[in-house]
Amino acid sequence: MKKILISALLAFSMIRCSYLDVVPDNSNKIADDFKNENTANNFVFSCYNFIPNYNNFRQNFNWAMSNELVGANHWTAEWFDFLKIQQGLMNRSTPVLDIWKNCYQGIRQCYIFLDNIENVKPLTISPEEYASKKKSWIGEVRFLIAYYHFVLMQNYGPVVISDHLVPYNATGEEMFQYRASFDECVTKVAAMFDQAIADLPLTVDASNYGRATKVVAQSLKSKMYLIAASPLFNGNAEFYADFKNNNGTQLISQTFDKEKWKVAMTETKKAIEMAESSGNKLYTYNKTSISDPFQQAVMNCRWGMVDPWNSELIWGYSGNRETAGSGGSFQTHVIPIGWRTSTPYGALGPTLTTVEMFYSKNGIPADKDPNYNWANRFNIATGDETIELHRNREPRFYAYIGFDRGDYEISGTTKKLLLRANELNGMKSFTTDHLFSGYAVKKGVHPNSKVDATQFNITTYPYPIIRLGELYLNYAEASAVYNGTLDADGLSYMNAIRTRAGIKGLYEAYGKALSGEELLQAVRRERMIELMFEGHWLADLKRWKIAESFFAKDRQGMRGLYDRGKTAADFYRETVLIGKPYIFDRKNYLFPINQTYVDVNHNLTQNPGW
């Protein structure tokens with residue numbers, strides 16, 4: 001298995017230099033950093049320290065930023081920066097997250113390594129062993145250079161390609177560089193990934209979890225090609241006809257190129273084959289014996305994200321390890337209140353948009369299933385204690401979502417949620433932490449995290465950056481767009497995801513083979529369900545160029561149940577959550593570059609609308 005255990009990376013003294021703020025490197029410090037194989041190895045670790053904080057819901061640039069989740073009523077953008085993205089409050093002077101600076105600092109750190117690694121003299125190992133280690137180190141650092149460029153491209157589109165260490169006394173074009181066109185970025189960053197792949201190992205042993213591998217590099221390279229083929233960047237004259245450098249370079253292609261989807265298919269297939277040959281496979285829960293297929297599927301999906309270093313994970317992040325009560329801890333903020341008097345806060349919960357996204361038990365959208373009582377979904381059936389919306393759904397619904405009178409796995413056991421006002425897990429005061437939408441998150445909460453009257457301890461796991469299931473969905477999407485149908489591999493991958501999730505194969509569920517727009521919508525919905533709460537919704541809606549229309553219905557407020565309802569009739573009401581709008585305008589497809597950097601570099605073009 002190929003994974004990255006950032007928590008194992010050592011704390012390291014950083015040279016705080018960036019692409020836009022270059023100061024002389026401390027030559028004496030650098031000499032110490034490269035005096036032997038141990039100090040050089042530590043410097044490699046330092047190059048990982050600029051990876052975005054994926055497991056912090058306040059800081060991750062995609063995760064809690066979509067309308068999958070809504071915060072407590074009294075949460076404000078003053079204290080929770082993610083709300084600035086949800087509510088369209090970003091600006092170019094003080095962007096919510098300075099991904100630009102962080103990634104270029106990481107790139108610079110990597111080039112310092114490459115420029116100094118030849119100075120190392122091995123101290124305790126043979127020249128042959130050192131040569132092998134050095135090759136892997138160089139591969140890791142070259143991978144990180146490519147990865148940081150990839151993160152920049154995901155968020156800003158076309159970027160400045162940094163292909164060497166800019167000296168502190170550089171002048172002219174070397175210091176004040178232009179953004180490359182997005183297509184040029186793809187070509188150059190793909191070459192960086194390829195250069196890294198040549199030196200990286202295919203696998204690592206348990207003592208070296210935390211190091212990049214060929215599979216990680218190829219997987220992210222293939223994802224970059226998927227993004228490049230997507231409507232936001234592939235022939236987007238509608239948005240970006242005037243998006244140019246001041247030298248006239250067009251930064252986003254104006255003509256759709258269907259063959260980009262073919263490249264995405266080819267590169268993703270290569271990543272899948274490399275991963276599978278190295279032992280990756282879809283996760284299946286096997287900690288206990290389960291006879292019921294439906295419950296087996298629920299447990300597959302309940303544990304797939306949180307079972308550490310499982311067979312499906314290709315690359316995971318566990319830096320800045322979650323601790324109970326910490327400011328950005330996901331589990332601290334989503335585990336419901338009531339089981340103890342202080343933390344967890346239980347103040348970040350799924351919206352009705354999220355809840356309604358799941359299929360019926362028949363594997364098709366519930367509102368399109370003739371056998372599902374969609375029209376009466378907010379009613380309670382005779383003899384039941386919760387609404388029709390919570391019944392007869394697919395297994396992933398029960399693995400991902402906690403609902404009133406439903407099960408919640410925590411503390412190594414299963415508890416019943418009581419989410420109505422003044423109940424155990426419900427709202428006690430409208431102005432204190434509670435689940436404003438009336439729903440709780442289960443996916444991403446480890447069932448063995450401990451919550452009771454005397455303790456709150458979080459069981460941590462690596463947050464999935466990319467896993468095999470995503471590669472399967474990436475291939476299926478590329479096949480659907482390029483071919484208009486799913487080829488044999490695309491259908492096989494799609495059905496493998498659905499089978500693991502306990503629902504019928506795609507064509508069997510829909511009662512026919514799908515093609516064209518109908519197929520594309522089915523593939524996209526499958527992806528949104530499968531990858532929910534893993535930081536993909538916002539990024540995908542952007543690259544599909546449909547974020548404006550998707551979020552438009554929430555402009556006056558995201559939707560949930562009526563959190564102040566004390567009776568079933570009052571609680572189970574579709575409610576617009578006043579004060580929690582989701583506002584997405586066209587400029588939000590790309591992050592703003594901090595205007596300070598644009599002012600300093602006269603050749604740097606700001607993103608459209610900012």
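Just so it is clear, the structure is predicted and the values come from calculations on it, not from any experiment. Atom set for the values below is all heavy atoms of this structure, side chains included, hydrogens, waters and symmetry mates excluded.
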Heavy atoms only: give me the nearest Arg393-Val355 pair and the separation to one decimal. NH2-O, 2.9 Å
Rounded to the nearest 0.5 Å, what separation is found between the CD1 atom of Ile387 and the CG atom of Leu561? 5.5 Å
For the CD atom of Glu394 and the NZ atom of Lys504, what is their distance to the nearest 0.5 Å? 13.5 Å
Locate the shortest heavy-atom distance separating Thr485 from Ser515; write the atom from each residue and the value. CG2-CB, 3.9 Å
Between Glu312 and Lys281, does at least one N-O distance fall below 4.0 Å, as a salt bridge requires? no
Min side-chain heavy-atom separation Phe294-Val298 under 4.5 Å: yes
Decide if atom NZ of Lys428 counts as having more than 12 heavy atoms of other residues, nucleotides or ligands within a radius under 6.0 Å. yes
May I ask you to decide if Ala72's main-chain N or O and His74's side chain share a donor-acceptor pair within less than 3.5 Å? no
Given side chains that start at C-beta, do those of Tyr493 and Leu473 come closer than 4.5 Å, heavy atoms only? no
Check whether any side-chain N or O of Asp570 sits under 3.5 Å from a backbone N or O of Thr567 as a donor-acceptor pair, and report yes or no. no
Is it true that atom NZ of Lys262 has more than 12 heavy atoms of other residues, nucleotides or ligands lying nearer than 6.0 Å? no
Using only heavy-atom distances, determine whether the side chains of Thr414 and Glu409 contain a donor-acceptor pair under 3.5 Å. no
Flag this pair as yes if the NZ/CZ of Lys580 is under 6.0 angstrom from the six-membered ring centre of Phe436 and inside a 45 degree cone about the axis; otherwise no. no
Report yes if the side chains of Arg377 and Glu574 come closer than 4.5 Å at any heavy-atom pair, otherwise no. yes
Are Leu435 and Pro336 packed together at the side-chain level, in the sense that at least one heavy-atom pair is separated by less than 4.5 angstrom? yes
Has the side chain of Lys442 got a donor or acceptor atom that lies under 3.5 Å from a matching backbone atom of Tyr398? yes
Output yes when a side-chain donor or acceptor of Asp404 lies under 3.5 Å from a complementary backbone atom of Leu419, and no otherwise. yes
Do the ring centers of Phe397 and Tyr359 come within less than 6.0 Å of each other? no
Side-chain contact test, heavy atoms from C-beta onward, threshold under 4.5 Å: evaluate it for Arg405 versus Arg420 and give yes or no. yes
Is a side-chain donor or acceptor of Tyr408 paired with a backbone partner of Ile401 at a separation under 3.5 angstrom? no
If you measure from CG on Leu389 to CG on Leu352, what distance do you get to the nearest 0.5 Å? 7.0 Å
Between Thr354 (side chain only) and Glu68 (backbone N and O only), is there a donor and an acceptor less than 3.5 Å apart? yes
Could you tell me whether Lys416 and Asp407 make a salt bridge, using a distance below 4.0 angstrom between a side-chain N and a carboxylate O? no
Within a 6.0 Å radius of atom NZ on Lys361, are there more than 12 heavy atoms belonging to other residues, nucleotides or ligands? no
Please test Asn588 against Asp585 for side-chain hydrogen bond (donor to acceptor under 3.5 Å, both in side chains), starting from the C-alpha separation and ending with a verdict. CA-CA 6 Å; Asn588 298 117; Asp585 297 317; over 6 Å; no
State, with a plain yes or no, whether a side-chain heavy atom of Asp487 is found less than 4.5 Å away from one of Tyr482. no
Side-chain contact, heavy-atom cut-off 4.5 Å: Met494 with Glu526? yes
Here the gap from Lys84 atom NZ to Leu89 atom CG, rounded to the nearest 0.5 Å, amounts to 8.0 Å
Between Tyr400 and Gly444 (side chain of the first, backbone of the second, donor and acceptor by atom type, cut-off under 3.5 Å), is there such a pair? no
Shortest non-hydrogen contact between Asp433 and Ile337, atoms and distance: O-CD1, 3.7 Å
Looking at every heavy atom in both Gly490 and Tyr475, which two are closest together, and how far apart are they? N-CE2, 3.5 Å
Aromatic ring proximity Phe403/Tyr439, centre distance under 6.0 Å: no
Inspect the contact between Glu530 and Arg525 and indicate whether a charged nitrogen and a carboxylate oxygen are less than 4.0 angstrom apart. no
Between CE on residue Met532 and NZ on residue Lys443, distance to nearest 0.5 Å: 7.5 Å
Could you tell me whether the side chain of Arg498 and the main chain of Gly363 form a donor-acceptor pair under 3.5 Å? yes
Does Lys512 form a side chain to side chain contact (heavy atoms under 4.5 Å, CB included) with Glu518? I'd like the steps, not just the answer. CA-CA 11 Å; Lys512 61 179 180 178; Glu518 186 179 22; 3.2 Å; yes
salt_bridge(Arg524, Asp540) N-O dist < 4.0 Å: no
Checking the side chain of Ser219 only, and the main-chain atoms of Val215 only, is there a donor and an acceptor separated by less than 3.5 Å? yes
Given Phe57, which partner from the list Phe330, Tyr345, Phe82, Phe533 fulfils the ring-ring contact (aromatic ring centres under 6.0 Å, His included) test? Phe82
Show your reasoning for whether side chain to side chain contact (heavy atoms under 4.5 Å, CB included) applies to Phe430 and Asp563. CA-CA 8 Å; Phe430 191 55; Asp563 63 323; 3.5 Å; yes
Could you tell me which non-hydrogen atom of Gln86 sits nearest to which non-hydrogen atom of Leu69, and how far apart they are? NE2-O, 3.0 Å
Residues Tyr582, Lys553; criterion side chain to side chain contact (heavy atoms under 4.5 Å, CB included); working and verdict: CA-CA 8 Å; Tyr582 198 99; Lys553 63 184 179 298; over 6 Å; no
Just so I know, are the side chains of Val306 and Val445 near enough to count as touching, which here means a heavy-atom distance under 4.5 Å? no
Does a side chain donor of either Thr413 or Ser411 reach within less than 3.5 Å of an acceptor in the other side chain? no
Any idea how Trp75 and Phe80 line up, ring-wise: parallel (<30°), tilted (30 to 60°), or perpendicular (>60°)? parallel
Is there a donor-acceptor contact under 3.5 Å from the side chain of Gln331 to the main chain of Thr459? yes
So does Glu238 pair up with Lys545, basic N to acidic O under 4.0 Å? yes
Measure the spacing between CG of Leu506 and CG of Leu514 and express it to the nearest 0.5 Å. 5.0 Å
Could you tell me how the ring of Tyr372 sits relative to the ring of Trp374: parallel (under 30°), tilted (30 to 60°) or perpendicular (over 60°)? tilted
Criterion side chain to side chain contact (heavy atoms under 4.5 Å, CB included) on Asn474 and Arg527, from CA distance to verdict: CA-CA 9 Å; Asn474 291 353; Arg527 181 183 183 89; 2.6 Å; yes
side-chain hydrogen bond (donor to acceptor under 3.5 Å, both in side chains), that's the test. Do Arg559 and Thr351 meet it? Break it down for me. CA-CA 6 Å; Arg559 296 178 304 125; Thr351 62; over 6 Å; no
When Ile51, Ile99, Leu220 are each screened for side-chain contact (heavy atoms from CB on, under 4.5 Å) with Val151, the one that passes is Ile99
Strictly by modelled atom types, are Asn483 and Ser479 linked by a side-chain donor-acceptor pair under 3.5 Å? yes
Which heavy atom of Pro462 sits nearest a heavy atom of Leu313, and at what distance? CG-CD2, 3.7 Å
Between the side chains of Arg340 and Asp452, is the shortest nitrogen-to-carboxylate-oxygen separation below 4.0 Å, so that they form an ion pair? no
